[in-house]
Amino acid sequence: LVTLLTKTTTSEKYSHYHWYEITEKCSPLIMVSTRLFQDFKKELPNVDGKVFAITGTTSGTGFVAARTAAELGGEVILLNRPSKRVAESLQKLKEAVPNGKFVPVECDLQDFESVRRAISVIKTDYDKLYCLANNAGVAGTPDRATVDGYDIQMQTNHLSHFLLTAELFPLLEAEAQETGDARIVNHSSIGRFHTANNCLEEKYFQKNGGNLGGDSSSVMGGACFQRYFQTKLANSVFTYGLHDRLLIAGQHNIRAVCAHPGGSDTNLANDVNLGLLWTIFMKGLGPFLFQTPEDGAMGLIKGMMHPDAKSGVLYGPKESAMKGAAVPTPPKLFETDLKAIEMLWRTSEEATGVEFQI
C-alpha cells in the first residue's frame with residue numbers, strides 16, 4: 001500500500017489504475033463487522049423439514065438467507081441463472097453447513113421460459129413449499145431489453161418473481177393447509193422512495209426494454225437508477241396488493257412480507273460505472289456507511305421464518321435508514337394506492353401470461 005501511494009503521489013501522475021489499486025488495498029483494512037445478526041439469529045426457530053425457495057443466492061443477502069435456513073434445518077432450493085458463481089457459492093454453502101440440504105435449480109429471471117422450466121422442476125419434485133423468497137435483483141443496468149422484450153431490471157426484480165409467485169402459489173397453499181404457515185417474501189430497498197414522481201409508471205411494465213430513458217447514471221439518479229427505483233417500488237406494492245388479496249380470500253395462514261436491507265455491502269451494483277471519485281468513496285468510506293450482508297439480510301430472514309413476522313409488513317432499518325435492526329416500516333400512501341396495485345397486477349399478468357387469482 002505504501003509503495004502504491006508513493007508511486008501515485010510522487011513519481012507518477014494520478015491515474016484511475018493506481019487509485020483503484022489503492023482502494024482495493026484499503027478496503028480490507030476498514031471493513032465493518034457484523035453487529036446485529038448473531039443476536040437476531042438466536043430469535044429464529046428450528047425449521048426442520050420446511051422447504052425454502054430463494055432467488056439470487058450466490059452472494060449477499062440471498063447467500064446469508066440460504067445458509068441460515070439450512071443451518072436451522074430447512075431444505076433450500078437455490079434459484080440462480082447459470083454462471084461459475086453458482087458452483088462456487090454452492091461449495092461455500094456446503095462448507096458452511098456440511099449437513100445442509102441445498103438443491104440448485106437453474107432459473108434465469110431475465111428469461112420467462114427459464115423461469116417456467118424452474119417452476120416445472122419444483123412442481124415435479126415438491127408438493128409443498130414453506131417459503132418463496134423473491135430476493136434476487138440487479139441495479140443500474142443499461143437500457144436493454146430481455147429476450148422477452150422487457151426492461152432487464154423490471155423483469156429480473158419484479159416480473160419473473162410475480163410469475164414464480166403465481167405458479168408456485170398452490171404449493172404454498174398446500175403447506176399452509178397442512179402446517180398453518182407459509183410465506184412469500186419480496187425484497188425491496190430504500191430506492192422505492194426515489195421514483196421521479198412517487199408512483200409506479202405503466203411504461204416500465206410494458207415491452208419497452210431499451211426505450212426507457214437511456215444509459216445515464218449518477219449516484220441515486222439518472223435513467224438507469226430510475227428504472228431500478230420503479231422495480232423496488234413494484235416489490236413493495238406487489239406485497240401490499242398480495243396481502244390484501246390473501247385477506248379477502250380468507251388465506252390467513254399465508255403471509256406476504258416485504259423487506260429492505262438498508263445500505264448493505266453486497267454485489268448488487270458491481271457493474272455500475274459511477275466514475276472514479278465515487279469508486280474511491282465506495283471502496284474507502286462506503287463500509288462505514290453500509291452494513292454487512294448478514295445485518296442486511298435480517299429483514300429478509302425475518303419474513304422467511306421469524307414467528308413474529310406479520311403479513312402486509314415491510315421489515316428493515318427504522319425509517320428506511322442505512323443501518324439497523326429489522327423493524328416494521330410503515331408504507332407511504334403511494335405504496336398502498338389501489339390504482340397502483342391494480343395496474344401492477346394487470347400488467348404483470350399480461351407480461352407473464354398468467355392469471356394470478358387468489
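Computed over heavy atoms, backbone and side chain alike; hydrogens, waters and symmetry mates excluded.
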Going through the distances and angles, do Met298 and Tyr315 end up as a side chain to side chain contact (heavy atoms under 4.5 Å, CB included)? CA-CA 8 Å; Met298 291 188 295; Tyr315 293 94; over 6 Å; no
Is it possible for you to say whether [X] and [Y] belong to one hydrophobic cluster, with membership spreading through side-chain heavy-atom contacts below 4.5 Å?
X      : Y      : result
Ile77  : Met304 : no
Leu344 : Val115 : yes
Val237 : Met154 : yes
Leu168 : Tyr126 : yes
Leu132 : Leu159 : yes

Looking at Glu167 and Lys123, does any basic side-chain N land under 4.0 Å from a carboxylate oxygen?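 Salt bridge flag = yes for Lys123 with Glu167.
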So, do [X] and [Y] sit near enough that their side-chain heavy atoms are less than 4.5 Å apart?
X      : Y      : answer
Leu78  : Phe63  : no
Thr146 : Asp111 : no
Glu173 : Ile254 : yes
Ser188 : Lys232 : yes
Leu314 : Pro331 : no
Leu246 : His252 : no
Pro261 : His187 : yes
Gln38  : Lys42  : no

Shortest non-hydrogen contact between [X] and [Y], atoms and distance:
X      : Y      : value
Val313 : Pro328 : CG1-CB, 3.8 Å
Lys302 : Arg183 : O-NH1, 3.6 Å
Ala223 : Gly213 : CB-O, 3.3 Å
Ile301 : Val64  : CD1-CG1, 4.1 Å
Ala69  : Val76  : CB-CG2, 3.8 Å
Gly241 : Ile341 : CA-CG2, 3.6 Å

Gap separating the [atom1] atom of [X] from the [atom2] atom of [Y], nearest 0.5 angstrom:
X      : Y      : atom1 : atom2 : result
Gln206 : Glu201 : CD    : CD    : 11.0 Å
Gln155 : His161 : CD    : NE2   : 11.0 Å
Leu338 : Asp244 : CG    : CG    : 7.0 Å
Arg192 : Glu335 : CZ    : CD    : 5.0 Å
Asn46  : Glu71  : CG    : CD    : 12.0 Å
Leu109 : Leu163 : CG    : CG    : 9.5 Å

Using atom types as modelled and distance alone, determine if a side-chain donor or acceptor of [X] lies under 3.5 Å from a backbone N or O of [Y].
X      : Y      : value
Asp215 : Pro142 : no
Asn197 : Cys199 : no
Arg35  : Gln291 : no
Glu349 : Phe356 : yes
Thr124 : Ser120 : yes
Ser89  : Val86  : yes
Asn235 : Asn157 : yes
Thr156 : Gly137 : no
Lys94  : Phe102 : no
Thr55  : Asn134 : no

Given side chain to side chain contact (heavy atoms under 4.5 Å, CB included), test Lys310 with His243 step by step and report yes or no. CA-CA 10 Å; Lys310 298 185 184 302; His243 170 68; over 6 Å; no
Ignoring hydrogens and geometry beyond distance, is a side-chain donor-acceptor pair present between Gln91 and Glu95 at under 3.5 Å?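 Yes, because at least one side-chain N or O of Gln91 sits under 3.5 Å from a partner of the opposite role on Glu95.
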We want to know whether Thr239 and Asn186 form a side-chain donor-acceptor pair, criterion being a heavy-atom distance below 3.5 angstrom.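 Distance-only check passes for Thr239 and Asn186.
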Apply the test side chain to side chain contact (heavy atoms under 4.5 Å, CB included) to residues Thr57 and Phe52: give CA-CA distance (whole Å), side-chain angles for both, the deciding distance (0.1 Å), then the verdict. CA-CA 12 Å; Thr57 65; Phe52 297 77; over 6 Å; no
Below 30° counts as parallel, above 60° as perpendicular, anything between as tilted: where do the rings of His306 and Phe40 land?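 Parallel.
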Measure up the Phe229 and His194 rings against each other and bin them: parallel (under 30°), tilted (30 to 60°), perpendicular (over 60°).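 The arrangement is tilted - the two ring planes meet at 30° to 60°.
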Intermediate values then yes/no, side chain to side chain contact (heavy atoms under 4.5 Å, CB included), His158 and Tyr204: CA-CA 11 Å; His158 166 67; Tyr204 292 98; over 6 Å; no
Apply the test side-chain hydrogen bond (donor to acceptor under 3.5 Å, both in side chains) to residues Thr231 and Gln153: give CA-CA distance (whole Å), side-chain angles for both, the deciding distance (0.1 Å), then the verdict. CA-CA 7 Å; Thr231 72; Gln153 295 184 79; 5.3 Å; no
